[in-house]
There are 2 protein chains.
Amino acid sequence: MEQELPIFESVFSVDCVIFGFEEGVLKVLLIERNEPPFKDWWALPGYLVEPNEGIDEAAQRILFKFTGLKDIFLEQLYTFGDVDRHPQGRLITIAYYAMMRLNGKKDLKPSSAFVKKAFWCPVSDVPQLAFDHTQIFEKSLQKIRRKISYSPIAFELLPEKFTLTQLQNLYEAILNKKLDKRNFRKKMLNYGILKELNEKQQGVSYRAAAYYKFDRRKYNKLFQKELSFMKEDDAGH
Amino acid sequence: MEQELPIFESVFSVDCVIFGFEEGVLKVLLIERNEPPFKDWWALPGYLVEPNEGIDEAAQRILFKFTGLKDIFLEQLYTFGDVDRHPQGRLITIAYYAMMRLNGKKDLKPSSAFVKKAFWCPVSDVPQLAFDHTQIFEKSLQKIRRKISYSPIAFELLPEKFTLTQLQNLYEAILNKKLDKRNFRKKMLNYGILKELNEKQQGVSYRAAAYYKFDRRKYNKLFQKELSFMKEDDAGH
DNA sequence: TCAAAAGTGTTTTACCTACACCCATGA
DNA sequence: TCATGGGTGTAGGTAAAACACTTTTGA
């Protein structure tokens with residue numbers, strides 16, 4: 001019986017919004033397209049998903065092909081499917097986002113003919129993008145803003161060692177507002193997920209700042225607890 | 001040039017997770033399937049999206065056909081696309097969720113031959129569902145749990161007039177834990193989004209409770225402010 | 001000695017939590 | 001008069017917000 005049913009084949013794409021932080025500026029990873037439609041336009045890295053490929057894996061694969069980046073923790077954001085979003089017909093796209101550390105790995109090496117180049121663009125300078133990518137980009141920005149407000153994921157964007165001022169600058173860049181230095185430090189240190197290193201900045205012409213390191217062990221413990229607080233089974237059963 | 005490009009046609013489905021609250025119990029809207037695959041199984045209402053149909057509209061249309069419900073505020077939840085989630089091939093599905101008021105509109109009238117019946121099932125009694133619908137259902141539950149913790153959307157589920165105890169019961173049903181009565185009332189009344197009516201319960205064999213009404217005007221004002229607090233432009237520029 | 005950023009505490013306010021008794025009603 | 005749920009207040013703790021000066025460093 002079931003053998004006689006029609007066989008479906010979904011055609012759809014994924015697009016990736018990758019955020020980075022460099023020189024105190026929040027940036028997003030864009031590509032310059034090398035193929036029509038929207039040839040020569042800037043766009044988010046994204047492409048069609050293969051028939052036998054999971055969506056998450058597809059996002060990983062395409063991101064690697066288009067930028068050379070590997071093993072990025074991508075999270076699904078939203079699916080965009082306006083009927084006219086793509087000039088070649090009805091093509092829906094599943095958007096993913098990620099935050100990544102830019103220490104060293106600045107060299108973006110696309111290995112796809114579809115891409116002329118890949119580069120980091122300050123989020124405040126993002127021009128009109130191909131397709132509905134501007135919309136996708138903006139939704140991601142909102143997402144990470146909300147997210148850092150309830151979970152200290154900002155560390156993902158910083159180098160291993162960082163100063164509290166760098167951390168604050170990052171928060172300010174994402175939230176696009178000034179924060180109070182004393183309150184910020186108090187709060188961050190209170191979480192107990194930062195480990196102060198015996199190391200200070202070198203060669204700065206002002207008082208050298210202490211370096212801190214993110215304590216992933218404690219972070220996981222804390223975050224697990226906070227999550228389970230929201231979950232069922234606190235009282236029931 | 002662009003005319004020569006291939007034409008895409010996405011094939012994909014939507015599934016709807018609709019929550020309701022009745023007799024102090026949180027329920028989810030299920031259907032009994034009348035067609036293979038998974039004939040006679042219980043499932044979430046969902047079906048294929050038409051080529052020229054927006055995704056949100058498709059969700060509305062399919063929900064109506066499968067249940068008779070109209071004008072429900074559906075929000076996109078997540079897209080599920082495991083390669084083997086559907087026996088007829090690679091078919092991804094976009095899940096939507098909604099909370100709805102059940103006063104009166106209990107009569108579910110499917111107008112599709114794909115559906116044997118539609119009915120409300122207590123969330124604690126949901127059995128194994130067709131496809132990956134159990135997974136989808138569970139993700140929706142998590143979502144509304146998180147959501148009522150930061151935004152008092154629970155009103156959507158209650159009748160126009162309700163007592164504070166009914167409201168508390170709803171919170172307890174969603175969060176699956178007991179809440180303190182005094183603290184709960186204090187907090188809810190402090191929001192200033194409840195209007196006490198000059199009306200009490202009738203014919204109960206205990207002290208009659210006051211009825212309250214949700215003040216959407218004030219809710220919007222408050223919620224707008226809270227949202228804009230998160231958004232850019234508080235300090236910058 | 002200057003410029004520039006690092007680093008540091010206190011007070012006030014709002015909110016969350018825990019907790020126990022009297023009140024109104026119909027049966 | 002009893003059973004049932006409605007309704008109320010206070011005290012202690014914790015977290016957020018506002019706010020300004022001293023310290024260190026290299027140039």
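Computed from a prediction, not measured in an experiment: that's the story for all the values here. In what follows, chains are A, B, ... by sequence order, proteins preceding strands, each numbered from 1. Only this structure's heavy atoms are used, side chains among them; waters, hydrogens and symmetry mates stay out.
- Among the atoms of the strands shown, none is found under 4.0 Å from any heavy atom of A:N190.
- If you measure from atom CG of B:L189 to atom C1' of D:dG7, you get 11 Å, rounded to the nearest angstrom.
- For the residue pair B:K186/B:N183, the side-chain donor-acceptor check at 3.5 Å is satisfied.
- With 3.5 Å as the limit, one finds a donor-acceptor pair spanning the side chains of B:T165 and B:R185.
- The stretch residues 153-164 of chain B has no heavy atom under 4.0 Å from DNA chain D, so no residue of it qualifies as close.
- The phosphate of C:dG7 (OP1 or OP2) has a side-chain N or O of A:R185 nearer than 4.0 angstrom.
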**Prompt:** What string of B, S and - do you get for nucleotides 20-27 of chain D 5' to 3' if you count protein non-hydrogen atoms under 4.0 Å?
**Reply:** B--BBBSS
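- Protein atom CD of B:E196 is 14 Å distant from nucleotide atom P of D:dG6, rounded to whole Å.
- The main-chain N or O of B:L158 is found under 3.5 Å from a side-chain atom of B:R101 such that the two form a donor-acceptor pair.
- Distance OH (A:Y191) to C1' (D:dA15): 10 Å, rounded to an integer number of Å.
- With a 4.5 Å cut-off on side-chain heavy atoms, A:V17 and A:I144 do not count as touching.
- Rounded to a whole Å, the CD atom of B:Q201 is 12 Å from the C1' atom of D:dG7.
- Rounded to whole Å, the distance from CD on A:Q202 to C1' on C:dA6 is 15 Å.
- When ring centroids are compared, B:F19 and B:F21 stay outside the 6.0 Å threshold.
- The side chain of B:K186 lies closest to C:dT17 when the candidates are C:dT17, C:dG9, D:dA16.
- Counting to the nearest Å, the C1' atom of C:dT17 and the NZ atom of B:K177 are 13 Å from each other.
- The distance from atom CD of A:Q166 to atom P of C:dA5 is 13 Å, rounded to the nearest whole Å.
- Side-chain contact between B:I92 and A:T79 is absent, with no heavy-atom pair separated by less than 4.5 Å.
- Taking the side chain as every heavy atom from C-beta outward, B:S149 and B:L175 approach each other to under 4.5 Å.
- Here the side chains of A:L167 and A:Y212 are not in contact, with every heavy-atom distance at 4.5 Å or above.
- If you take NZ of B:K178 and P of C:dC19, they are 17 Å apart, rounded to a whole angstrom.
- The number of heavy-atom neighbours closer than 6.0 Å to NZ of A:K213, taken from other residues, nucleotides and ligands shown, is 12 or below.
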